[in-house]
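Encoded as structure tokens, the structure appears first; notes follow it.
All values derive from a computational prediction rather than experimental measurement. Lettering follows sequence order; numbering is per chain, from 1.
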Number of protein chains: 2
Amino acid sequence: MATLKYSRQRESIKEFLVGRTDHPTADFVYENMKQIYPNISLGTVYRNLSLLADLGEIQKLSSFGGADRFDARTTPHCHFMCTRCGRVMDVFSEHIDRSLEDIAADFKDGQISDYKARFFGICNDCLSKEDTH
Amino acid sequence: MATLKYSRQRESIKEFLVGRTDHPTADFVYENMKQIYPNISLGTVYRNLSLLADLGEIQKLSSFGGADRFDARTTPHCHFMCTRCGRVMDVFSEHIDRSLEDIAADFKDGQISDYKARFFGICNDCLSKEDTH
DNA sequence: CTTAGTGCAAAAGTTTTGCAGCGAT
DNA sequence: ATCGCTGCAAAACTTTTGCACTAAG
């Protein structure tokens with residue numbers, strides 16, 4: 001087991017993610033980190049995102065089609081992706097948690113320990129733009 | 001709109017997927033197609049898988065970590081992935097469909113039209129191997 | 001001093017695409 | 001004859017990794 005050492009890059013990446021409600025990709029995090037650390041490398045961003053995910057401090061969302069996205073919310077929740085603008089939003093619901101537990105209990109071919117649910121559709125912003133036609 | 005033309009490659013790819021209950025990657029389909037068409041290209045496999053998915057004849061599963069997987073089942077269902085051996089299995093349940101309507105009704109930031117749920121855990125095969133220790 | 005973390009660059013893995021020729025209609 | 005599909009290869013895109021060096025403990 002490697003002993004964890006402090007790194008200012010990792011702290012900034014975590015802090016950046018906590019301050020956002022969208023769900024940035026690694027490359028987007030990288031572009032923003034360059035404003036603080038002009039020489040930071042994309043590899044460092046990936047390594048830290050991966051490390052933070054392993055520690056359970058952030059969540060890796062694989063995936064909504066393209067690059068993976070990252071989410072600093074630790075409370076269990078689901079995600080909604082707008083198929084028009086690509087935005088990813090949080091979805092909180094007791095319905096899903098209850099029914100997913102029912103499914104886990106019903107499943108006979110293995111032992112379910114985790115689940116992820118994603119929803120697709122059109123977000124309100126895109127719907128209102130559509131109305132103007 | 002392009003008019004669809006018959007292609008024996010596409011037909012074989014579809015047929016191959018229909019005959020399987022696992023959820024092969026594009027590369028796995030490619031390797032198997034080479035036994036029928038030794039000169040088939042990976043690009044052709046990707047193009048046909050993408051086309052079949054657009055037609056709704058197959059489903060593209062993005063993703064379970066690595067490469068996308070493909071599924072010829074058209075009836076709505078969810079997926080379970082064994083985190084030990086990587087196998088992906090189908091999950092059928094009425095629970096999920098019932099709760100989807102509830103969630104869609106609750107969600108205020110957009111209009112939900114589709115969902116995908118994935119479950120993670122250990123499959124029975126891997127559990128029984130574990131017992132022998 | 002020890003070793004985890006970093007920047008850089010190359011590589012690996014997955015998917016898309018430009019193009020010239022082939023094949024279905 | 002038209003134009004969608006193919007094989008091939010190159011490119012694009014995302015993520016990982018080897019290495020020498022820096023910095024935290």
Side-chain angles (χ1 to χ4, degrees), chain A residues 1-17 22-55 57-71 81 86 88 118, chain B residues 1-17 22-55 57-71 81 86 88 118:
Chain A
M1 258 121 267
T3 317
L4 202 62
K5 280 184 184 171
Y6 172 84
S7 114
R8 67 194 82 191
Q9 288 91 335
R10 190 190 311 133
E11 184 172 56
S12 292
I13 288 169
K14 170 85 185 289
E15 188 183 351
F16 175 74
L17 276 180
D22 61 349
H23 301 70
T25 62
D27 194 66
F28 188 83
V29 174
Y30 169 60
E31 289 302 328
N32 279 269
M33 283 305 105
K34 279 204 287 197
Q35 295 170 15
I36 311 176
Y37 311 101
N39 293 326
I40 197 173
S41 80
L42 186 54
T44 293
V45 172
Y46 270 104
R47 273 186 288 236
N48 278 309
L49 288 171
S50 176
L51 179 52
L52 288 167
D54 288 346
L55 294 172
E57 297 189 25
I58 66 171
Q59 212 181 128
K60 178 178 172 180
L61 307 179
S62 312
S63 71
F64 292 91
D68 290 347
R69 291 159 174 276
F70 297 87
D71 186 353
M81 182 188 213
V88 174
R118 298 167 300 166
Chain B
M1 260 125 260
T3 316
L4 202 64
K5 280 184 183 169
Y6 171 84
S7 113
R8 69 195 79 193
Q9 288 90 337
R10 190 188 313 133
E11 183 172 57
S12 293
I13 289 169
K14 171 84 185 287
E15 188 183 350
F16 176 74
L17 276 180
D22 60 349
H23 301 71
T25 62
D27 194 67
F28 187 83
V29 174
Y30 170 60
E31 289 302 327
N32 280 267
M33 284 303 107
K34 278 204 286 198
Q35 295 170 14
I36 312 177
Y37 312 102
N39 293 326
I40 198 172
S41 80
L42 186 54
T44 294
V45 172
Y46 270 104
R47 273 185 289 236
N48 278 310
L49 288 171
S50 178
L51 179 50
L52 288 167
D54 288 346
L55 294 172
E57 298 188 25
I58 66 170
Q59 213 182 128
K60 179 178 170 180
L61 308 179
S62 311
S63 70
F64 291 91
D68 291 346
R69 291 158 175 274
F70 296 88
D71 185 353
M81 184 188 212
V88 174
R118 298 168 299 166

Discussion item. Taking B:Lys5's backbone N and O only, do any of them form a donor-acceptor pair with B:Arg10's side chain (distance below 3.5 Å, no angle check)?
Written reply: yes
Discussion item. I need the B:Asn39 CG to B:Lys34 NZ distance, nearest 0.5 Å.
Written reply: 10.0 Å
Worksheet item: Between D:dA23 and A:Gln9, is there an OP1 or OP2 to side-chain N/O distance shorter than 4.0 Å?
Response: no
Worksheet, complete the sentence: With the side chain defined as heavy atoms from C-beta on, B:Leu51 is closest, among C:dT15, D:dC5, D:dT6, to D:dC5
Worksheet item: In whole Å, what is the span from the CD1 atom of A:Ile36 to the P atom of C:dT6?
Response: 14 Å
Practice prompt. List the protein contact pattern of nucleotides 18-25 of chain C with one symbol per nucleotide (5' to 3'): B for base contact, S for sugar-phosphate-only contact, - for none; contact means a heavy-atom distance under 4.0 Å.
Written response: B----BBS
Discussion item. Rounding to an integer number of Å, can you tell me how far A:Ile40 CD1 sits from D:dT22 P?
Written reply: 18 Å
Worksheet entry | Euclidean distance, atom OH of residue B:Tyr30 to atom P of C:dT15 [Å, nearest integer] | 15 Å
Worksheet item: Within this structure, what is the CD1-to-P distance between B:Ile13 and D:dT6, rounded to whole angstrom?
Response: 7 Å
Discussion item. Rounding to an integer number of Å, can you tell me how far A:Leu49 CG sits from D:dT14 P?
Written reply: 14 Å
Worksheet item: A:Leu42 CG to D:dT15 C1': how many Å, rounded?
Response: 8 Å
Discussion item. Once you apply a heavy-atom cut-off of 4.0 Å, does A:Asp68 come out as touching a base, just sugar-phosphate, or nothing?
Written reply: sugar-phosphate
Worksheet entry | Nearest-0.5 Å distance, NZ of residue A:Lys14 to OG of residue A:Ser7 | 12.5 Å
Worksheet item: Counting any heavy atom closer than 4.0 Å, what does B:Asn48 reach on the DNA or RNA strands: base, sugar-phosphate only, or nothing?
Response: sugar-phosphate
Item to complete: List in chain and number order the residues that pass side-chain contact (heavy atoms from CB on, under 4.5 Å) with A:Thr25, two or more places apart in sequence or in another chain; answer none if no residue qualifies.
Response: A:Asp27, A:Phe28, A:Ala67, A:Arg69
Worksheet item: A:Gly86 and A:Met81: which non-hydrogen atoms are nearest, and at how many Å?
Response: O-CE, 3.6 Å
Discussion item. If you apply the rule salt bridge (Lys or Arg N to Asp or Glu O under 4.0 Å), what do you find for B:Arg8 with B:Glu11, and how did you get there?
Written reply: CA-CA 5 Å; B:Arg8 69 195 79 193; B:Glu11 183 172 57; over 6 Å; no
Item to complete: Just compare D:dT6, C:dT15, C:dC8 and give me whichever is closest to any side-chain atom of A:Ser41.
Response: C:dC8
Worksheet entry | Taking every non-hydrogen atom, the tightest pair across B:His23 and B:Val88 | ND1-O, 2.9 Å
Worksheet entry | Side chain A:Tyr37, main chain A:Ser12, donor-acceptor under 3.5 Å | no
Fill in: Axis deviation across the helix from C:dC1-D:dG25 to C:dT25-D:dA1, five-pair ends, to the nearest 10°
30°
Discussion item. Is there a side-chain contact between A:Tyr46 and the phosphate of D:dT15, meaning an N or O under 4.0 Å from OP1 or OP2?
Written reply: yes
Practice prompt. Remember a base hit wins even if backbone is also touched, and classify A:Gly43 as base, sugar-phosphate or nothing at under 4.0 Å, heavy atoms.
Written response: base
Discussion item. I need the CZ-P distance between A:Arg10 and C:dA4, as an integer number of Å.
Written reply: 12 Å
Item to complete: State, to 0.1 Å, how close B:Leu42 and B:Tyr30 come at their nearest heavy-atom pair, and which atoms those are.
Response: N-CE1, 3.4 Å
Worksheet entry | Shortest non-hydrogen separation from A:Ile13 to A:Val45 and the atoms involved | CD1-CA, 4.0 Å
Item to complete: Starting at atom CG of B:Leu52, determine the distance to atom P of D:dG4, rounded to an integer number of angstrom.
Response: 17 Å
